[in-house]
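Chain naming here is simple, since letters A, B, ... match the order of the sequence lines and numbering starts at 1 in each.
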Amino acid sequence: MHDIKWIRDNKTLFDKAMARRKLNTIADQALEIDKNRRDCVVELQKLQTQRNEASKTIGNARANGNETMANFSINLVADIKKTIKEGEVRERELTSQLNNFLLQLPNIMFDDVPDGADEDENIEMHKVGTPKKFDFEPKQHFDIGEDLGQMDFEIAAKMSGSRFVVLKSDLARLERALANFMLDLHTQEYDREEVVVPLLVNDHALVGTGQLPKFEEDMFKTTDGKYLISTSEVSLTNLVRETTLAESDLPKRYTSYSYCFRSEAGSAGRDTRGMIRQHQFSKVEMVSITHPDHSEAEQLLMLEAAELVLKRLDLAYRVVKLCSGDTGFGAKRTFDIEVWLPGQNQYREISSVSNCGDFQARRMGAKFKDTEGKTRFLHTLNGSGLAIGRTIVAILENYQTKNGDVEIPKVLQPYMGGKTITNAKK
RNA sequence: GGAGAGGUGGCCGAGUGGUCGAAGGCGCACGCUUGGAAAGCGUGUAGGCGGUUCUCCCGUCUCGUGGGUUCGAAUCCCAUCCUCUCCUCCA
C-alpha cells in the first residue's frame, strides 16, 4: 500500500511508476478522494472543537451555579452533535473509499527492473551448469514417475479432480528428503528460524501480503470465510503484523516447509499434464524482515541461498530478472530461478525471490523503532527455497537413466537411504 | 457444543462516570556516577489523522471493533470479533 502523503508530494513520479504497471491517471483519482476526505476532516474537527469547548462550559457553569448558561450550552452541544454524526459517517466512507482504492494499486518497481510485456522480456542474469546431454531421448517427469509406478494422476483425479497427484514409495520419500535437505541448509547455513505456520488464514492476513483484495479468485476459500494459503510467504510475513520491533531485533529470517494451495483460475490449458502446476504443492519458503537500508543486500543473500540448493543438487539453472510485465503485484523487484528440464528441453521456474520494500509492511502495520526513536515501516522479502514439486520434476528428468531408473543426487542420499529409485515390481 | 473470565501504550499492568492519553514497572534513549562496565540516581519515551509560520507548535481521534446511554465513558448498556479457564468432544 502506498503512502497518500507521498503521492501528494510526488504526483508525477507516482504516475510514472504506475504507468509501468499499465495504470494511468492514478494520482489524480487518489488525490481527489484524498481532497474530499481532508476537507471533511477539517470540517469535522472544527465541530468537535466547538463541542468540546461547549462541554467544558457546561461543567464550569454548573460549578458556578449558572444554570442558564449551562442549559444554553447543553442545547448548543445537542445541535453540534447531530452535525458531527453526519460528518463522522462521511469521513468513514471517504476513508474506506481511499483505502480500498490504494489497496488495489501494485507496488512501485525499482528503476533497474526492465520494461517489458511478459516473461519473454525477462532478462537473463547468469547461467550455472550446463544442460545435461543424454544418449537417449529423455522422458518427461510424468512418464518417468508413472513408469516407476510411484506417481499416480488417475487415482488423484478420482478423489480430488484434476491438478492433483499421488506420490508413493521413494517418490513420496523424496518429497520428505528434499524438505529436510532444504530446511537444514537454510537453518544451518543461513541462520533462518524454522517455523510451522497455519495453512488457513483470515482475510486480513491476505490483505497484508497483497493477495487480497485483488486476487481472490486465485485462492481457495472455506465456508467460514478463511483461505488456504497460496504460499507460506503469507503466514511467515504475517508473523510481524501489527508489531513494532526494536532495530536490534533485525533482521528476522524465517523458513518454513508447507503446503500451498492455488485455484489456478485463469490457467486453464497450461501445464495440464504432470506436476508442474497443481492445486496443492509443497514448498520451502524463506521470508526476511529487514531494516529499509538492508533489504537490497538481503534479496541477494536470499537468491544466493536458493541457488545453493540447486548447486548442491547439481542441477543446471539460470537466473532471470523479471521485467515489469511479469513482476508480481507486491514486488519492487523479482529474480526467478529457472531449472533445466531435459524432458521439456527448456528452463522452468523453480524459485522466485522478491523484495517488497515497505509495501506489505504498510498493509499490515509492521514497524520498528530506529535508533533515533522514530517509528518506521519494515521491509519484507520472500523467496522459494525451493518449490518441492518442481524440484522432484527436475530431479526425475535430470537424473533419469536409460533403463527408467532415477539416480539420487549425492546430497540427498543420506536422506533417502539409497542411491537409486527403481520400479520394484519390474 | 456448554459455563465462566478477559481484551488498556514496545511489553507487563493499575484504573468501574468528569482536569485519564491514561498510575506503576519493564524495556529503550540521554545525562550523572565509574579507570571501564554493572548497579544506582535523574530526565525523557504511545499511535493514527489533519492543520501549520513544517526538525517547533496546534487541533482531533484512539483503552479489540461497531452501536447506545450521558452535558461528559477506558469506566455503564447492547452487539460483534478474538483470547484464556473449566466441562464435553477429539487427532
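With salt bridges taken as basic N to acidic carboxylate O contacts below 4.0 Å, one links Asp112(A) and Lys321(A). A salt bridge does not link Asp9(A) with Lys5(A): every distance from a Lys NZ or Arg NE/NH1/NH2 to an Asp or Glu carboxylate oxygen is 4.0 Å or more. A salt bridge does not link Asp271(A) to Arg163(A): none of the charged nitrogens lies less than 4.0 Å from a carboxylate oxygen.
A distance of about 9 Å separates the C1' atoms of A46(B) and G10(B), rounded to the whole Å. Between the C1' atoms of A74(B) and G21(B), the separation comes to 10 Å (whole Å). Taking the C1' atom of each, U83(B) and G24(B) are spaced 25 Å apart, rounded to whole Å. Taking atom C1' in both G18(B) and C54(B), the straight-line distance is 35 Å, to the nearest Å. When the P atom is compared between U75(B) and A39(B), the two are found 40 Å apart, to the nearest whole Å.
Between the side chains of Thr231(A) and Lys283(A), at least one donor N or O sits under 3.5 Å from an acceptor N or O.
C28(B) atom C1' lies 15 Å from atom CG of Leu250(A), rounded to whole Å. At whole-Å resolution of the value, CD in Glu43(A) and C1' in U60(B) are 14 Å apart. Between the C1' atom of C81(B) and the CD atom of Glu242(A) lies a distance of 13 Å, rounded to the nearest Å. To the nearest angstrom, C1' of G51(B) lies 14 Å from CG of Leu44(A). Rounded to an integer number of Å, the gap from CG of Leu245(A) to C1' of G9(B) is 16 Å. Spacing between atom CD1 of Ile4(A) and atom C1' of C49(B) amounts to 13 Å, rounded to whole angstrom units. Atom NZ in Lys46(A) sits roughly 17 Å away from atom C1' in C49(B) (whole-Å rounding). One can place CZ of Arg37(A) at 13 Å from P of G48(B), the figure rounded to the nearest angstrom.
Under the rule for a salt bridge (Lys or Arg N to Asp or Glu O under 4.0 Å), Arg241(A) has no partner lying at least two apart in sequence or in another chain. Not a single side chain to side chain donor-acceptor pair (under 3.5 Å) links Asp152(A) to another residue, sequence neighbours left out. With sequence neighbours left out, Phe377(A) forms a ring-ring contact (aromatic ring centres under 6.0 Å, His included) with no residue at all.
In terms of position on RNA chain B, the residue among Asp3(A) and Gln45(A) whose nearest nucleotide sits closer to the 5' end is Asp3(A). With RNA chain B read from its 5' end, the first of the two nearest nucleotides for Thr49(A) and Phe377(A) is the one closest to Phe377(A).
Among residues at least two apart or in separate chains, ring-ring contact (aromatic ring centres under 6.0 Å, His included) pairs with a member in residues 207-237 of chain A are Phe215(A)-Phe329(A), Phe220(A)-His279(A). Residue pairs meeting the salt bridge (charged side-chain N to carboxylate O under 4.0 Å, His left out) criterion with at least one partner in residues 83-103 of chain A, sequence neighbours excluded, do not occur; the list is empty. Among pairs with a residue in residues 223-236 of chain A, none fulfils salt bridge (charged side-chain N to carboxylate O under 4.0 Å, His left out), at least two apart in sequence or across chains.
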Tell me which donor-acceptor pairs under 3.5 Å the side chains of residues 171-185 of chain A have, and how far apart each pair is, sequence neighbours excluded?
from, atom 1, to, atom 2, distance (Å)
Arg173(A), NE, Tyr415(A), O, 3.4
Arg173(A), NH1, Met416(A), O, 3.3
Arg173(A), NH2, Tyr415(A), O, 3.4
Glu175(A), OE1, Ser282(A), OG, 3.4
Glu175(A), OE2, Tyr257(A), OH, 2.4
Glu175(A), OE2, Tyr259(A), OH, 3.2
Glu175(A), OE2, Ser282(A), OG, 2.8
Asn180(A), ND2, Arg176(A), O, 3.4
Asp184(A), OD2, Tyr415(A), OH, 2.6

For residues 296-308 of chain A, which side-chain N or O atoms pair as donor and acceptor with protein atoms under 3.5 Å away, sequence neighbours left out?
from, atom 1, to, atom 2, distance (Å)
Glu296(A), OE1, Arg333(A), NH1, 2.8
Glu296(A), OE1, Arg333(A), NH2, 3.4
Glu296(A), OE2, Arg333(A), NH2, 3.4
Glu298(A), OE1, Arg253(A), NE, 3.4
Glu298(A), OE1, Arg253(A), NH2, 2.9
Glu298(A), OE2, Arg253(A), NE, 2.8
Glu298(A), OE2, Ser288(A), OG, 2.6
Gln299(A), OE1, Arg333(A), NH1, 2.7
Gln299(A), NE2, Arg333(A), O, 3.1
Gln299(A), NE2, Val353(A), O, 3.1
Glu304(A), OE2, Tyr190(A), OH, 2.6
Glu307(A), OE1, His126(A), NE2, 3.1
Glu307(A), OE1, Tyr317(A), OH, 2.6
Glu307(A), OE2, His126(A), NE2, 3.3

Polar atoms only, N or O, under 3.5 Å: list the protein pairs with nucleotides 52-55 of chain B and their distances.
none

Produce the list of close N/O pairs, under 3.5 Å, pairing protein atoms with atoms of nucleotides 44-47 of chain B; give distances to one decimal.
from, atom 1, to, atom 2, distance (Å)
G47(B), OP1, Thr375(A), OG1, 3.3

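Side-chain N or O atoms of Ser351(A) include one that pairs as donor or acceptor with a backbone N or O of Ser384(A) at under 3.5 Å.
Side-chain proximity of Val77(A) to C61(B), C71(B), G50(B): nearest is C71(B). Checking C49(B), C61(B), U70(B) against every side-chain atom of Lys81(A), the shortest atom distance belongs to U70(B).
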_Test side-chain contact (heavy atoms from CB on, under 4.5 Å) applied to Thr327(A) and Val113(A), step by step_ = CA-CA 9 Å; Thr327(A) 299; Val113(A) 172; 4.0 Å; yes

Writing each nucleotide of RNA chain B 5' to 3' as (, ), [, ], | or . by Watson-Crick or G-U pairing under 3.5 Å yields ((((((((.[[[..)..(.....]]]((((((.......))))))((((((.....)))))).[[[[[..)....]]]]])))))))....

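Among the atoms of the strands shown, only primed sugar atoms or phosphate atoms (P, OP1, OP2) are found under 4.0 Å from some heavy atom of Arg8(A). The residue Gln48(A) sits close only to the backbone: its heavy atoms come under 4.0 Å of sugar-phosphate atoms, none of a base.
For an aromatic pair to be called close, the ring centres must be under 6.0 Å apart, and Phe359(A) with His379(A) fails this.
Remark: Arg51(A) is not in phosphate contact with U60(B), judged by side-chain N or O atoms under 4.0 Å from OP1 or OP2.
Within a heavy-atom distance below 4.0 Å of RNA chain B, the residues of residues 85-100 of chain A found are Lys85(A), Arg92(A).
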